[in-house]
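Contents: one structure, followed by commentary.
Quantities reported herein were computed from a predicted structural model and do not represent experimental measurements.
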Amino acid sequence: MASRVSLKAKGKSSKGSKAQEDRSLSESLKEWTTWTMRKAKVITHYGFIPLVIIIGMNSDPKPALSQLFSPV
């Protein structure tokens, strides 16, 4: 599913090892960014409604939990 990226150059060192290092670094950065965005999406998806409820319960009029869930 997820490929592992190695920062070490495979094989013997040659003139192209710097380009290969840059490519693996950019692949590593792209993989890390994708992983971070997926986690942020899940956290936002499951955390938004509870956050709104907590903020609503800490507001000044102190509504009951049933009042927060009712649409009226």
Side-chain angles (χ1 to χ4, degrees):
M1 191 137 141
S3 62
R4 294 186 182 184
V5 178
S6 174
L7 294 177
K8 292 197 276 186
K10 294 182 180 177
K12 294 182 179 180
S13 296
S14 63
K15 295 178 185 176
S17 67
K18 181 69 174 167
Q20 188 177 14
E21 225 175 88
D22 289 341
R23 189 180 75 208
S24 77
L25 182 62
S26 80
E27 287 175 5
S28 179
L29 181 64
K30 183 179 177 182
E31 190 175 311
W32 181 83
T33 304
T34 303
W35 180 85
T36 304
M37 291 305 291
R38 284 184 182 169
K39 296 298 179 187
K41 182 180 175 183
V42 170
I43 289 169
T44 303
H45 181 80
Y46 289 109
F48 182 73
I49 299 288
L51 178 67
V52 169
I53 292 171
I54 289 170
I55 290 173
M57 290 187 78
N58 290 332
S59 64
D60 198 20
K62 296 286 183 192
L65 192 59
S66 62
Q67 290 175 330
L68 288 174
F69 287 130
S70 68
V72 179

Shared hydrophobic cluster for [X] and [Y] (ILVMFWY, side-chain gaps under 4.5 Å):
X	Y	answer
L25	W32	no
Y46	I54	no
F69	I49	yes

Q.
How long is the straight-line distance from CD of E31 back to OG1 of T36, given to the nearest 0.5 Å?
A. 10.5 Å
Q. When rounded to the nearest 0.5 angstrom, what distance separates NE2 in H45 from CD1 in I43?
A. 12.5 Å
Q.
I55: which residues meet the side chain to side chain contact (heavy atoms under 4.5 Å, CB included) condition with it, sequence neighbours left out?
A. L51
